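Values below: every heavy atom of this structure, side chains too, minus hydrogens, waters and symmetry copies. Keep in mind that what you see is a predicted model, and the values were worked out from it rather than measured. Indexing begins at 1, ligand by ligand and atom by atom, following the structure's order.
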Amino acid sequence: MSQIKTVFPVTKKGESYMKKTIRDIDWAGKKAVVRCDFNVPLDGDTITDDIRIRAALPSIEYLLENGAAVVLMSHLGRPKGEPKPEFSLAPVAKRLAELTGKEVKFVPSDVVVDDNVKAAAKDLKAGEMLLIENVRYKAGETKNDPEFAKELSELGDIFVQDAFGSAHRAHSSTAGIADYIPAVSGFLIEKELKFLGEAVNNPKRPFAAIMGGAKVKDKIPVITNLLDKVDILIIGGGMAYTFFKSQGYSIGKSLLDEEGLDLAGEILRKAAEKGVNFMLPVDVVAADEFSNDSPYGVYDVDEIPDDRMGLDIGPETIKLYTDTLKTVKTVVWNGPMGVFEMDNFAVGTKAIADCLAEIDATTVIGGGDSAAAVAKFGVADKMTHISTGGGASLEFLEGKELPGIAVIDDK
Ligand code: ADP
Ligand code: MG
């Protein structure tokens with residue numbers, strides 16, 4: 001691993017400072033308590049996608065190679081403060097052992113930390129790793145209970161925060177633990193902050209954000225924050241219709257965020273005021289039903305039929321958007337352009353994905369479905385960075401301070 005000095009950009013607006021990383025610690029003889037994001041999809045006890053486990057490997061391997069004993073913790077699903085076997089981390093221990101070729105000790109416990117777990121952590125030697133049970137078996141976890149945080153902290157000497165996907169939560173294992181032992185970041189957090197932070201706060205220009213998807217309400221604050229930073233804002237997906245409606249167009253049966261309607265109008269005014277090139281679709285693909293088998297057609301945005309719903313951006317819009325994207329140097333993309341899960345309405349999302357794969361620009365993908373889309377179209381490895389944290393990357397783009405990042409010690 002090369003010794004690069006990383007500037008930690010900005011968890012607070014406009015402020016940049018340095019945070020400690022696992023490179024700043026001499027690990028010989030020390031025990032790391034590492035918060036990972038092992039919240040993997042399961043089918044029974046089979047892991048259907050292990051990308052989150054693989055993403056955690058660089059930090060884990062660095063720690064093991066540098067003489068640390070490694071205690072790993074994570075949540076999985078929502079057991080709601082009770083031990084539930086279907087949310088056990090046991091399958092993760094098994095997969096982690098396969099991926100690393102090393103033994104992963106796993107000590108099941110209904111209360112996460114009991115005497116057996118404490119003993120196993122105490123006996124853990126340099127170069128060995130132990131995974132403890134799902135931290136959300138304990139009700140205190142999501143309440144950031146200090147007692148539970150203290151118990152977790154007593155399993156080791158130094159807290160390593162490497163769960164970006166949970167860093168927007170102030171829980172015992174993501175934030176509270178840092179009240180008791182020093183906290184540093186792992187490589188995954190470092191990478192997330194580097195790419196998301198540099199894109200948002202120090203972008204090469206022109207800088208474009210592409211916003212789409214379905215969660216309009218969640219994303220309006222993000223758009224508001226990005227208006228201060230971007231040169232171009234491109235809108236697609238289900239959220240476009242709230243903007244159309246705010247301008248008086250009829251949108252048929254398309255997705256509408258009633259509550260966001262006024263804000264959408266305000267955003268359009270602000271964009272004009274700030275000189276941001278705010279781009280909305282000029283045509284859409286609209287269907288009778290939310291189904292791939294539904295009859296559909298292409299319509300200009302002022303001609304969406306009352307009995308149809310817009311499910312993708314249209315061909316004119318694709319041309320307009322891709323021509324624009326060919327001129328930019330930084331792109332942040334959050335939210336698909338259409339219902340990309342259905343082939344008939346995946347065209348717009350695929351066109352944008354292909355375009356980002358080709359352009360000579362920093363391309364950052366945030367959002368679970370956007371990441372899935374990029375993977376589906378086979379261009380994931382052409383992107384500069386794909387964020388592993390859906391909600392966390394949104395809050396980061398919103399300009400919020402993430403509690404799980406704030407607790408990491410400054411250099
Ligand atoms: P991300 O996870 O990337 O942040 P979202 O969760 O906000 O994105 O949105 C993704 C979902 O939005 C996808 O399941 C997609 O089918 C849906 N979607 C996109 N465009 C539309 C549309 N026009 N109408 C309804 N749903 C849409
Ligand atoms: Mg999503």
Side-chain angles (χ1 to χ4, degrees), residues 37 39 41 49 51-52 164-165 168 192 196 209-223 225-226 234-245 249-258 260 264 280-292 294 296-299 301 304-305 307-314 317-318 321 331-353 356 363-377 379-380 383 385-398:
D37 179 4
N39 185 26
D49 182 355
I51 188 160
R52 288 184 168 163
F164 187 70
H168 59 315
E192 292 281 2
L196 284 174
I210 310 170
M211 298 295 297
K215 294 182 232 149
V216 182
K217 255 199 312 272
D218 292 0
K219 294 188 181 186
I220 280 183
V222 182
I223 296 175
N225 185 48
L226 288 175
I234 291 175
I235 301 286
M239 73 162 58
Y241 303 91
T242 300
F243 286 98
F244 293 148
K245 183 88 180 175
Y249 294 126
S250 65
I251 59 170
K253 296 193 289 181
S254 310
L255 208 62
L256 172 66
D257 177 11
E258 286 277 1
L280 284 164
V282 292
D283 60 350
V284 301
V285 179
D288 289 342
E289 306 291 340
F290 192 80
S291 157
N292 196 50
S294 169
Y296 62 90
V298 174
Y299 303 93
V301 292
I304 300 172
D307 56 354
R308 290 202 155 177
M309 59 181 81
L311 296 179
D312 198 6
I313 55 175
T317 306
I318 290 175
Y321 285 2
V331 187
V332 170
W333 183 14
N334 179 285
M337 295 292 97
V339 184
F340 73 100
E341 298 92 337
M342 301 177 192
D343 285 349
N344 285 339
F345 313 113
V347 180
T349 304
K350 183 176 187 310
I352 296 295
L356 294 194
T363 48
V364 177
I365 314 298
D369 290 290
S370 318
V374 166
K376 174 175 173 167
F377 301 127
V379 290
M383 303 301 158
H385 178 66
I386 299 178
S387 178
T388 54
S393 64
L394 268 190
E395 290 197 16
F396 191 92
L397 295 176
E398 244 176 87

- Output the list of atoms in ligand 1 that are nearer than 4.0 Å to some heavy atom of Pro336, sorted by atom number. 3 (O), 8 (O), 10 (C)

- ligand 1 atoms nearer than 4.0 angstrom to some heavy atom of Lys219 are 1 (P), 4 (O), 5 (P), 7 (O), 8 (O)

Is ligand 1 under 4.0 Å from a heavy atom in the side chain of [X], in the backbone, in both, or in neither?
{"X": "Met309", "answer": "neither"}
{"X": "Asn334", "answer": "side chain"}
{"X": "Tyr241", "answer": "side chain"}

- Message: Please determine whether any non-hydrogen atom of Gly368 lies less than 4.0 Å from an atom of ligand 1.
- Response: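 Yes, Gly368 has a heavy atom closer than 4.0 Å to ligand 1.
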
- Closest to atom 21 (C) of ligand 1 among protein heavy atoms sits Gly238 N, 3.4 Å

- Those residues at least two apart in sequence (or on a different chain) that pass ring-ring contact (aromatic ring centres under 6.0 Å, His included) with His168 are none

- Is a donor on one side and an acceptor on the other found under 3.5 Å between the side chain of Ser387 and the backbone of Gly366? no

- Option of least heavy-atom distance to atom 24 (N) of ligand 1 (set: Gly310, Ala214, Gly338):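 Result: the heavy atom closest to atom 24 (N) of ligand 1 is in Gly310.
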
- All side chain to side chain donor-acceptor pair (under 3.5 Å) counterparts of Asn334, not counting sequence neighbours: Lys219

- Please report the closest heavy-atom contact between Phe244 and Val301, naming both atoms and the distance. CZ-CG1, 3.3 Å

- Message: Which residues pass the side-chain contact (heavy atoms from CB on, under 4.5 Å) test with Ser250, not counting sequence neighbours?
- Response: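 Applying side-chain contact (heavy atoms from CB on, under 4.5 Å) to Ser250 gives Asp306.
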
- Task: For the Mg ion (ligand 2), count the protein N, O or S atoms found under 2.8 Å away.
- Result: 1

